[in-house]
Each structure stands twice: as C-alpha cells, then as structure tokens.
Amino acid sequence: MVVICSNQLNQDRLWRLFDISPGMKYCSIITANEINITAAAVYSSREEAQRAVDKIHGLEYPIGERIIVRFEEEFKEEIITKDALSQFGPPKALVSELVQCAKKAFFICMPEAVSVKLLTDAFCRFGDLIKVYLVPGKRHGYAEFASDIAANRAIQQLHGMQLGDCRLKVLECAEYTGENKRNRMEH
C-alpha cells in the first residue's frame with residue numbers, strides 16, 4: 001500500500017500506527033519533503049491490508065493532517081490528478097496569513113475529503129492563496145484568498161474537478177453577518 005501523511009510523523013510512529021492491523025510485514029518511508037511523507041506498508045494478505053485501509057485511511061494524525069492510504073493501483077489515479085492540476089500552471093507560493101482575506105471559497109469534497117496538502121496544491125495554482133483548511137472531522141472547508149480575481153478563477157476552474165477519488169464542489173463563501181439574519185426576519 002502507498003501511504004501519504006504529514007512530515008511530522010517518523011518511521012517509528014508510522015510502524016506503530018500500521019501495526020494496529022495484524023499481518024504487517026513492514027512499513028517504511030520512501031520519500032520525505034517539507035510537506036509530506038510517502039511510505040509503503042506491506043501486509044501478508046489483501047484482507048489484512050484492507051483492514052488497515054479501513055482503520056487508518058482518513059485518520060487525522062496529527063490533528064488537521066489526514067493520512068491517505070491506498071492500494072498502489074489506486075494511487076496511480078492520484079498521479080493522474082497531479083497531471084490534471086498542471087493545466088493550471090505550477091503551484092504558487094502562499095501569501096502571508098497576516099494579509100487580509102479578500103474572498104473565501106467554500107468547498108465540499110465528495111464522497112470524502114482528501115488531504116489539506118492536495119487541496120492546497122490545487123488552490124495555490126491560482127495565486128494569492130492565504131490558506132486552505134478543512135473543518136475537523138468533516139468533508140468541507142475553506143480556501144482564503146488575498147484577491148477577488150484569484151478566488152474567482154479558483155472557484156470557476158476547480159468546481160467539479162476530480163482530485164483522486166474526490167470530486168470538488170467549489171462555491172463563493174457567503175460570509176455570515178448579523179444584518180442578513182435581521183433582514184430575513186423583517187420580511
């Protein structure tokens with residue numbers, strides 16, 4: 001199996017995590033960079049490996065960082081996703097969180113959420129991205145942009161896009177203000 005997880009995990013923590021399911025032969029880190037770790041976990045049977053996928057895939061460890069666990073053949077679809085994102089140009093650097101947010105994009109991952117790293121990779125290609133975050137334990141979140149133009153392009157281009165086994169629904173975020181609620185109550 002192929003594992004993509006936070007770079008905050010080390011070999012020992014990965015081993016302990018994947019040893020939850022019986023039959024693990026080995027678990028080792030293949031590559032590591034400043035964003036994430038890619039590892040391989042091998043089990044003695046497909047059933048035992050499936051049990052590990054069922055227990056660990058989507059787990060937030062550490063909190064806010066989802067672990068992606070896929071069989072190798074499914075992971076090839078993820079590579080195709082990266083190629084699909086290349087049509088939007090290379091990833092651009094994030095803007096400082098000190099910059100005021102001009103517009104937020106609200107997104108829903110269907111049927112399940114993908115990693116914040118993959119979402120950030122998708123949204124940052126339109127420039128002026130401040131941050132992307134998932135609501136903990138949910139399959140939706142927000143992308144904050146420093147400019148309306150970048151946010152509008154991301155909303156238009158990413159809506160309906162397939163990221164791995166997730167289809168994105170991306171909409172302009174309707175910010176809550178007390179006035180909206182009062183206006184509805186008056187009518």
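Throughout, numbering of the chain's residues begins at 1 and tracks the sequence. The model shown is predicted, which means the values in this text are computed figures rather than measured ones. Atoms considered below: every heavy atom in the structure, side chains included; atoms not considered: hydrogens, waters and symmetry mates.
Between C109 and L168, some side-chain heavy-atom pair lies under the 4.5 Å cut-off. Annotation: side chain of H57 is in contact with side chain of I68 (closest heavy-atom distance under 4.5 Å). For the pair I67/L17, a side-chain contact is recorded, criterion being any heavy-atom separation below 4.5 Å from C-beta on. Contact annotation: the side chain of K104 approaches that of E144 to within less than 4.5 Å [non-hydrogen atoms, C-beta and beyond]. Looking at heavy atoms from C-beta onward, K103 lies in side-chain contact with N152 at the 4.5 angstrom threshold. Using a 4.5 Å cut-off on side-chain heavy atoms (C-beta onward), R46 and F71 make contact. When side chains are defined from C-beta on, L85 counts as touching M161, because their heavy atoms get closer than 4.5 Å. Looking at heavy atoms from C-beta onward, V114 lies out of side-chain contact with R66 at the 4.5 angstrom threshold.
Cluster annotation: V42 and V53 are assigned to the same hydrophobic cluster (Ile/Leu/Val/Met/Phe/Trp/Tyr, side-chain heavy-atom contacts under 4.5 Å, transitive). L158 and I108 fall into different hydrophobic clusters, defined by Ile, Leu, Val, Met, Phe, Trp and Tyr side-chain heavy atoms under 4.5 Å apart, directly or through other members. Residues V135 and M110 are members of one and the same hydrophobic cluster, defined by side-chain heavy-atom contacts under 4.5 angstrom among Ile, Leu, Val, Met, Phe, Trp and Tyr. Hydrophobic clustering keeps V95 apart from I155 (ILVMFWY residues linked when any side-chain heavy atoms are closer than 4.5 Å, directly or through intermediates). By the rule that hydrophobic residues join a cluster once side-chain heavy atoms approach within less than 4.5 Å of another member, M1 and Y61 end up as members of one cluster.
Taking both residues in full, the closest heavy atoms of S147 and D128 are given as OG-OD2, 2.8 Å, listed atom of the first, atom of the second, then distance. Closest heavy-atom contact between P62 and Q8: CG-OE1, 3.3 Å. What you find for V116 and G64 is that their closest heavy atoms are CG2-O, 3.6 Å. Listed here is the closest heavy atom pair of I130 and S96: CG2-O, 3.9 Å.
The OG atom of S6 lies 9.5 Å from the CZ atom of R13; values are rounded to the nearest 0.5 Å. Note: L119 CG to C166 SG = 6.5 Å, rounded to the nearest 0.5 Å. Rounded to the nearest 0.5 Å, atoms CZ (R139) and NZ (K169) are 9.5 Å apart. Between atom CD of residue E65 and atom CD of residue E60 there is a gap of 8.5 Å, rounded to the nearest 0.5 Å. For the atom pair CG (N7) and OG1 (T31), the distance works out to 11.0 Å, reported to the nearest 0.5 Å. Residue I4 holds its CD1 atom at 11.5 Å from CD1 of I37, rounded to the nearest 0.5 Å.
A side-chain donor-acceptor contact under 3.5 Å links Q11 to the backbone of C27. Side-chain atoms of R125 never come within 3.5 Å of backbone atoms of F88 as a donor-acceptor pair (strictly under, hydrogens ignored). Between the side chain of R167 and the main chain of G160, a donor-acceptor pair closer than 3.5 Å is present.
Aromatic pair F123/F107: centroids less than 6.0 angstrom apart.
Counting heavy-atom neighbours within 6.0 Å of I63 CD1, excluding the residue itself, gives a total of 12 or less.
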Exercise. Can you list the steps and then say if F126 with I149 is a side chain to side chain contact (heavy atoms under 4.5 Å, CB included)?
Worked result: CA-CA 9 Å; F126 301 94; I149 295 169; over 6 Å; no
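Looking at T38, N36, L59, L14 one by one, the single match for side-chain contact (heavy atoms from CB on, under 4.5 Å) with C5 turns out to be L14.
Salt bridge annotation for D121-K117: absent, with no cationic side-chain nitrogen under 4.0 angstrom from a carboxylate oxygen.
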